Amino acid sequence: MNGHKWALLLAAFLAAGGIWAMPQAREPESLRLVTALAVDSGGEVSVTAVTGVRSSENEEPEVLKGTGDSLTAACGDLRERSARRAYLGQTQQLLVGEGQNVEPILDFVVEHRELRLDTLLYIVKGAAGPALEASAQMAAAETGGRDPRGITVGEVLPRLAEGEYALVPALASGEDGRLAPAGWAALGEKGVAGYLEADAALGAALLNGKVRGQAVTLPDGGVELISSRCWAKEGKLNCALIARAAEGRPSREALETWGNGVLQAALNKGWDCWGLGRETAFFSPWDWERNKNLDVSALTIQVEGELRRGEKG
């Protein structure tokens, strides 16, 4: 991916006022506001859009589709097929089908400003369009909040511009065909490098600090995670992990052992999606050449657990 290009574009964009400088959409009767947009490609680029609804007014979401030789053309085709012009400026979720070239999709966001930088980005295992269509009601509904796993395009671009990996939530079609969480994708210069699933996905969430409310079963009981804070220094990954006892008699030692295991599973993938090499180099600037390409799987892990009882986190 062209990191230098994105760095320059982002710098110019932020100088002009940043993420929130984009014009916010109004809601004239002539527009249909898109809530989620999925991108796939075969011979052509295909897009699937779901329009938002007000559940209080018993509205039904509309599924719109378009194709073209580029994302710009496909979105233009989508608009032409809608009786009311589909407006992308309020899109909350951008879903990218598995195997897609992510670079032109992110270029579209930055250069054309059809979507905002605070749009949440997802990688879908398999085709994104059919899964989004099956999830139309869920994607269109007004939730009043953000996905706790959410990572925005604006958060991903600076990491890619620096030649680093970025962590992006992964989705997949469940048994009912609707979208469901499926771990995390590691996005790099050549697109999706791979996925963090099962224990590795839990470790990735710890490293990213996105664990609040996660239930974990330990050998001596169950806990609900409250927070995690991780940092790398002098060859060691430190993690301060706080959880609430939910059932049984879970121990702090069992919590720390669990945290150590899932963190190691995430690091064993070898993708530094959290800037651990850069963080280590900050504490040891004289050893930059070694730390900038840090082998995260070789970090020694130290988890300090705190277990709270009888309270909600």
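The basis for the numbers below is simple: all heavy atoms, side chains too, and nothing from hydrogens, waters or symmetry mates. Since the structure is predicted, the reported quantities are computational estimates derived from the model, not experimental observations.
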Non-neighbouring partners of Ser251 that pass side-chain contact (heavy atoms from CB on, under 4.5 Å), sequence neighbours left out = Asp220, Glu253, Ala254

Heavy atoms, side chains only, cut-off 4.5 Å: are Leu121 and Ile151 in contact?
-> no

Going through the checks in order, is the salt bridge (Lys or Arg N to Asp or Glu O under 4.0 Å) test met by Arg278 and Glu164?
-> CA-CA 10 Å; Arg278 176 167 27 86; Glu164 299 178 336; 3.0 Å; yes

Between atom CG of Leu187 and atom CG of Leu160, what is the distance when rounded to the nearest 0.5 Å?
-> 5.0 Å

Any side-chain heavy atom of Leu263 sitting closer than 4.5 Å to one from Leu207?
-> yes

CZ of Arg79: more than 12 outside heavy atoms within 6.0 angstrom?
-> yes

Under a 4.5 Å cut-off applied to non-hydrogen side-chain atoms, are Gln214 and Glu224 in contact?
-> no

Side chains of Val124 and Val96 in contact at under 4.5 Å (non-hydrogen atoms) | no

Quick one: pull up CG in Leu88 and CG in Leu33 and give me the separation to the nearest 0.5 Å.
-> 10.0 Å

Apply side-chain contact (heavy atoms from CB on, under 4.5 Å) to Thr217 and list each qualifying residue two or more places apart in sequence or on a separate chain.
-> none

Do the side chains of Pro148 and Lys210 get nearer than 4.5 Å, heavy atoms only?
-> no

Could you tell me whether the side chain of Cys273 reaches within less than 4.5 Å of the side chain of Trp184, counting heavy atoms only?
-> no

Report the C-alpha distance between Glu256 and Asn260 in whole Å, list the side-chain angles of each, state the deciding distance to 0.1 Å, and finish with yes or no for side-chain hydrogen bond (donor to acceptor under 3.5 Å, both in side chains).
-> CA-CA 6 Å; Glu256 292 175 346; Asn260 193 294; over 6 Å; no

So CG of Asp69 and CG of Asp77: to nearest 0.5 Å the spacing works out to 10.5 Å

Nearest heavy-atom neighbours spanning Ala243 and Leu255 | CB-CD2, 3.9 Å

Say you draw a straight line from CG of Asp272 to CD of Glu279; how long is it, rounded to the nearest 0.5 Å?
-> 9.5 Å

Pick from Glu133, Glu44, Glu80: which one makes a salt bridge (Lys or Arg N to Asp or Glu O under 4.0 Å) with Lys65?
-> Glu133

Examine the side chains of Ser41 and Gln100 and answer whether a donor and an acceptor come within less than 3.5 Å of each other.
-> yes

Are Leu299 and Leu276 side-chain neighbours, meaning at least one heavy-atom pair lies under 4.5 Å?
-> yes

Is any side-chain N of the basic residue among Arg229 and Glu304 closer than 4.0 Å to the acidic one's carboxylate O?
-> no

Is the cationic atom of Arg159 (NZ for Lys, CZ for Arg) positioned less than 6.0 Å from the six-membered ring centroid of Trp274 and within 45 degrees of its normal?
-> no

With a 4.5 Å heavy-atom cut-off, do Val39 and Leu95 have their side chains touching?
-> no

Are any side-chain N or O atoms of Thr51 and backbone N or O atoms of Glu62, one a donor and one an acceptor, separated by less than 3.5 Å?
-> yes

Listed by chain and number, what are the ring-ring contact (aromatic ring centres under 6.0 Å, His included) partners of Tyr195, not counting sequence neighbours?
-> none

